[in-house]
Protein chains: 4
Amino acid sequence: MSTVIDAGQVAEHNAKLQAQLQADYDALGGMLARRGQDIEELTSLAQGFAVAVPSWGVGTGGTRFARFPGRGEPRNVFEKLDDCGVINQLTRATPSVSLHFPWDKPTDAKELRDKAASLGLFFDAVNSNTFQDQVGQEQTYKYGSLTAGSAEVRAQAVAHNIECIELGKTLGSRALTVWVGDGANFPGQHNLRGALERYLDSMRKIYAALPEDWNVFIEHKLFEPAFYATTIADWGTSFACATELGPKAKCLVDLGHHAPNTNIEMIVARLAQFGKLGGFHFNDSKYGDDDLDSGSINPFQLFLVFNELADAALRDGAAFKPSYMLDQSHNVTDPVESLMNSAVEVQRAFVQAALVDRAALAVYQQQNDALQAAQTLKHAFRTDVSPILAMARVRAGGAADPVACYRASGYRDRVAGMRPAKAGASSSGIV
Amino acid sequence: MSTVIDAGQVAEHNAKLQAQLQADYDALGGMLARRGQDIEELTSLAQGFAVAVPSWGVGTGGTRFARFPGRGEPRNVFEKLDDCGVINQLTRATPSVSLHFPWDKPTDAKELRDKAASLGLFFDAVNSNTFQDQVGQEQTYKYGSLTAGSAEVRAQAVAHNIECIELGKTLGSRALTVWVGDGANFPGQHNLRGALERYLDSMRKIYAALPEDWNVFIEHKLFEPAFYATTIADWGTSFACATELGPKAKCLVDLGHHAPNTNIEMIVARLAQFGKLGGFHFNDSKYGDDDLDSGSINPFQLFLVFNELADAALRDGAAFKPSYMLDQSHNVTDPVESLMNSAVEVQRAFVQAALVDRAALAVYQQQNDALQAAQTLKHAFRTDVSPILAMARVRAGGAADPVACYRASGYRDRVAGMRPAKAGASSSGIV
Amino acid sequence: MSTVIDAGQVAEHNAKLQAQLQADYDALGGMLARRGQDIEELTSLAQGFAVAVPSWGVGTGGTRFARFPGRGEPRNVFEKLDDCGVINQLTRATPSVSLHFPWDKPTDAKELRDKAASLGLFFDAVNSNTFQDQVGQEQTYKYGSLTAGSAEVRAQAVAHNIECIELGKTLGSRALTVWVGDGANFPGQHNLRGALERYLDSMRKIYAALPEDWNVFIEHKLFEPAFYATTIADWGTSFACATELGPKAKCLVDLGHHAPNTNIEMIVARLAQFGKLGGFHFNDSKYGDDDLDSGSINPFQLFLVFNELADAALRDGAAFKPSYMLDQSHNVTDPVESLMNSAVEVQRAFVQAALVDRAALAVYQQQNDALQAAQTLKHAFRTDVSPILAMARVRAGGAADPVACYRASGYRDRVAGMRPAKAGASSSGIV
Amino acid sequence: MSTVIDAGQVAEHNAKLQAQLQADYDALGGMLARRGQDIEELTSLAQGFAVAVPSWGVGTGGTRFARFPGRGEPRNVFEKLDDCGVINQLTRATPSVSLHFPWDKPTDAKELRDKAASLGLFFDAVNSNTFQDQVGQEQTYKYGSLTAGSAEVRAQAVAHNIECIELGKTLGSRALTVWVGDGANFPGQHNLRGALERYLDSMRKIYAALPEDWNVFIEHKLFEPAFYATTIADWGTSFACATELGPKAKCLVDLGHHAPNTNIEMIVARLAQFGKLGGFHFNDSKYGDDDLDSGSINPFQLFLVFNELADAALRDGAAFKPSYMLDQSHNVTDPVESLMNSAVEVQRAFVQAALVDRAALAVYQQQNDALQAAQTLKHAFRTDVSPILAMARVRAGGAADPVACYRASGYRDRVAGMRPAKAGASSSGIV
């Protein structure tokens, strides 16, 4: 297995931080032991955690106003994989990559799969794209895709999704994520019910093309690019559609796709309860689909989401296996750094949720002791599990401090030399 | 049939306004005729419209900070019915009353039904109340009712709902509306999934007690009185629960119970599409469950809701019969005036929606002519149908200008003399 | 004065609609007369109304996900002016154009001014652009412009604004609108106070370059492109900065730049009261800076804004002269049609606000008669003033039905032939 | 100085936890030392922190739907002070109490001051109440108080505020907090500008009555009890009014009084920059003025607020002294427990903000290294300073674990016996 950053550099980096890490790890281990918790169990748990990296996330993102390119942006899917390889090499928490077609469409799928394997990576859910027109495309998605009034447009969009499944099969994926921007900018533009009927009709055709062991994830979003009414706007619509379609259809929760003030962890609980939680697009947001780095704005919310996931795992056991993916837009940071950091933040929430004393919590809940129930969660959330996460990385061959190690490696400078800027590189980053 | 305001006064009022009304009606009729629309059809449609009045709405409402009582507030359900009688007498759009138990619990249900009949009123959905403790009640709802951790609390709440059904049967109602304030103020206070499981368990018992021709309406609400997580917080949860319970369970949409920026008319379309639209609590709001007068803040939204209802009626025919109720809190106005005005505003939206040229709209939609599709709705909305509404009232025996007629009648002064203020009359108005 | 659409076509269009318009106008005139209002006064008022068209609005807009170009998009500022000429020709409500530099930077300002004059247009406020990098630009705005930590970046941004003023002087403008996207995507990225100090420092230099009779408008916006903290995020910050800068600095209100649930008409009232209301960017929105067509989502809100403007005009007289501009993104409609329609919608709100019986309103307010006060506004808003607006257009040489006339003229087909599509035409539409 | 809980009990409690606390403290001290930070400095800082307790907070709160009383609720201001005494005794972070008149109006102010002194307490800002009518009051506040159209109502409201100042002077307060619920439920109910003019006029009279060394704090709030337009709705209005009134007038920030998605820490930065930050009402919220326990919903936001306060303290030195108060409604918890916990949470944010490496942060900001700037804040926030807070309490004579110590003390049982429930005790808790 090739490593994109020299393994010796990583080892050297870890060696320098070893003493401090061990001391902090021991200090934390003592604190946890005094509460009756075993740090080694948590470290082992942390090592088992994985979240997929989005191929489009390694390019610099932007807004409708501007995109300010970064240095050394990947120009094709192979270069994107190199960046993803670095992220996993240093964090050991991102062994898989989620591709987006046609952006990442390979001429030779086998070659792409081999490339991934050479980096120790595999492919998570594939994503279709019917929210943009591609050069040479027959029908336009200007007025919708799976919901379009035109049967030709819908047929093209359905065919593209089925092609994504075919590509995904070759690449070893097991799921298709369908997000459509379809919707209306004006009251009256759509017959709201008609649009959803057409969506369901299109999705039934895509569903029929799913292999036996695949899932299709329906991703809802409140607004943007449609600004009056989005066809798949909320979890209720997503859930109703997934129910109509059948057991392979599940709902995908993006943390930035909800109305203001929405309690997202409760949506997670609801979807888990009704057997329709397919997975996540992790990121953070303050206003809308801001696609900020996971845990950067409201880390407690991320913890509460994982608290629900831990509850569901306890109830439903091995059957409960939602997909975890990052989905962020990195407008002002080095995307590799942001993705490494974000993977760690999601992993952090996962480990903190494991720290919750669920037996005590259940008792407090039964006693209506809201204060102590809340403190039971806060107690877990307050625990700084950084040494656990660092130790998990080091033990798995990753870096004690991924960002510092990455910066020291000179990777960005190296690829900046190898990847001259493409003009208007909109195929990466802006989603 | 007794009328609470002297019929002669109404006739005299109408006589004074007759010439102006007829002139405006004729002018509007001409404008509509030039667009190919028949004013008489619309007037006839308006006469068929009905929305229920909430018994609690005739008392003055308030907030957690204060309630400023009004003059002549009704002190019991019989006096509330008198006020409801006036509202229907003058608007001819509110022939039914929605009761709330135990607030309106009669000692003699037969007597109450007779009283209503004498006023030309009948009873719409009955409402249970498990969000307050009543004097002498065994179990407290402080920590929940249908979702409570305590089996005794749940049993009491279930029993109360079944009692409401029994009362409703005697009174001629055909539906039970269940709104619970159950939820959590702290992360951790509830096991979110456990709470909903208990809710469903409780509701199954209530559902089992429903007569064959009854419905149960599940009313969701984002927040208040619970401020972190409300068990039935959104239409998705309401829909999932209604689906679990069975065909008699449907969802009730209160226009103020949604997250900011929510597209409510799309929720209406979704529930209609999936056969679960039970009915409405009409009001208006700017921030939350403000319970303001219908159409006072965003009249175009009310129109768009009725635009969806018109679409559903066209698609589903006679089978489509959602219940319409007002649910408002009148803190600074005379509740009778606000309810009359609000009934008219809802009726206005209903008539305006009937003005939409649906054939043209469908063509514009198919042609992706968003601008003209939008204008087709705006054109209907812009039409000032006031003369139609007034004529419909006058023809049915109501008042051309209900508020003016009411004020001239001296009704409020009269009841103020007959109904001395009760201290702390919290059983009316504050919901 | 040249007209871009043949005047004979407009006359013919009007002739066809003349009888219906006159009949509707007379019917409405009768209704108004019965309420004591003179339709001629209102028509005359409507004729005096003007709102500026944004040069960037005549191109097709888009989102960060995609832009779907329209046919015949203007490729330079001269072609943009042609489109603006059509809009004013048919609506007679948009005699001025607001330019955006460097997008619209002329090589010969005199030639541009002559072109505008030949179309009967003049130039409203000019807009600077420091939210994008231009080809060949020395410093990048990736990390801010007027607030940037780098003195070189700030100097470049200040110089650009001063250049805009110089251009504007030549073109006959009287105001500079400054909107910056500056802000942070992460807590900690900015020292929040330091960023505003630098903003004020930069703005003082720009302010110093303003001619005696110019204003500078500060435009605030809650979020996008910055997603954690926007330096000029709300009217409070805008107001505080305008106060610091001096009397020529005023605040510009864009209807889509506020937090959810914000009462925008109250912000208008506040800025008017404290002498800092500079002007408007009209559009409509449901979620954020959606830039939808004015009046398409919440027409009552637009009316309430004009209700405040009417109140301020009454109080402050001729001294009260805010600038009116449209600022919309037309993603799915023909921009010329949307701008014509939107100008009419803004004009509609202006005329409806003039219909408010302010004497009666004041009495109701003093009597705490909230219901009748509200009805006084609703009464004006409900009045369908379409015949007044159409008559005002026809009398001024515009079209009775601008969209119908425009479509009949074949203008779009004509320019589609003359303006072959430019690849990636991002200089128009996306703002 | 009397202590309400037996000092021996506290000592015994601390003794039991001593070994674990010391071990955790040492472990944390080691971790901090490895980062170059001195735990003793932080502990000393923590000991200097103080936040005022609201007298109304020790009663059980409620909503407009219901209030579910707790056991042993205080029935008068003296009993409230006892509860406040316990809170400070165990947390050593709440030496002052904020009173609310007329709820807490003493018959003998001297006696009240002596009572407070005997408990080691003093009085922070006093609060006026013109949002409720009191028995026997001449004028009603139903339609407003300081903004009322009626001169008599305004005079009564002004006189009440001046009386509050007089009472405060006797009690040793130094500030008056003015929150009014004044506003409108309907468009048109208020002349928005007229209402603010009357507010300013009333406030000028109150301002004139302020002693030389007093401040008046203006508290804004978006909505509730007014649901369409609140006169003092946002920080912009608060700031403009404070500027109009003069240097003694400052703005008070309640964390639950903002529009959805508002960046509150930026408002804090703005008010600090312009010299108008008067103080805080700390609590937490998810939807509106939820008045939840501080730090229970979004602890990172609370940290970011204190991060701004630390920045301001660094810039402005000793001159920067905002007032800190809690303002919460305890509907489902023991108010004493919630207030103790909340005081600790606010103190936690204060200490965490002190952990921020401001020199490194400034460098990252200057370098546009957004990722590391953000991590610098997150690093401080992630640090679990619980042992520091506990040690600070123990050293000052408080309890290592205030809630556990309080529960063990049997205080609630004791007062429940001494304080039989008052019917309808609305004078406590519901604000």
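Chain naming here is simple, since letters A, B, ... match the order of the sequence lines and numbering starts at 1 in each.
Of the residues considered (B:Tyr141, B:Tyr143, B:Phe227), B:Phe227 shows the highest number of contacts with chain D, using heavy-atom pairs under 4.5 Å. Per-residue counts of heavy-atom pairs under 4.5 Å with chain B were compared for D:Thr333, D:Asp284, D:Leu292; the largest is that of D:Leu292.
For B:Thr140, the part lying under 4.5 angstrom from a heavy atom of chain D is the side chain only. With a threshold of 4.5 angstrom between heavy atoms, B:Pro260 approaches chain D through side-chain atoms but not through N, CA, C or O.
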Decide salt bridge (Lys or Arg N to Asp or Glu O under 4.0 Å) for D:Asp133 and B:Arg67; before the verdict, give the C-alpha distance in whole Å, the side-chain angles of both, and the deciding distance to 0.1 Å. CA-CA 9 Å; D:Asp133 284 352; B:Arg67 194 181 84 88; over 6 Å; no

Determine whether D:Phe186 and B:Ser338 satisfy the following criterion, side chain to side chain contact (heavy atoms under 4.5 Å, CB included), listing intermediate values before the conclusion. CA-CA 11 Å; D:Phe186 291 86; B:Ser338 271; 4.3 Å; yes

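No side-chain heavy atom of D:Lys286 sits less than 4.5 Å from a side-chain heavy atom of B:Leu222.
The distance from atom CZ of D:Phe68 to atom CZ of B:Phe131, rounded to the nearest 0.5 Å, is 9.5 Å.
Put simply, the side chain of B:Glu224 never gets that close to the backbone of D:Thr63: no donor and acceptor are under 3.5 Å apart. Judged by distance alone, with hydrogens and angles left aside, the side-chain atoms of B:Tyr287 form no donor-acceptor pair with the main-chain N or O of D:Ala226 at under 3.5 Å.
Between D:Asn185 and B:Ile297, the shortest heavy-atom contact is O-CD1, 4.4 Å. Here the closest heavy-atom approach between residue B:Lys142 and residue D:Thr60 is recorded as NZ-CG2, 4.2 Å. Heavy atoms only, all atoms of each residue included: B:Ala66 and D:Gln132 are closest at CB-CG, 3.8 Å. The two residues B:Arg64 and D:Ser329 have their closest heavy-atom pair at NH1-CB, 4.5 Å.
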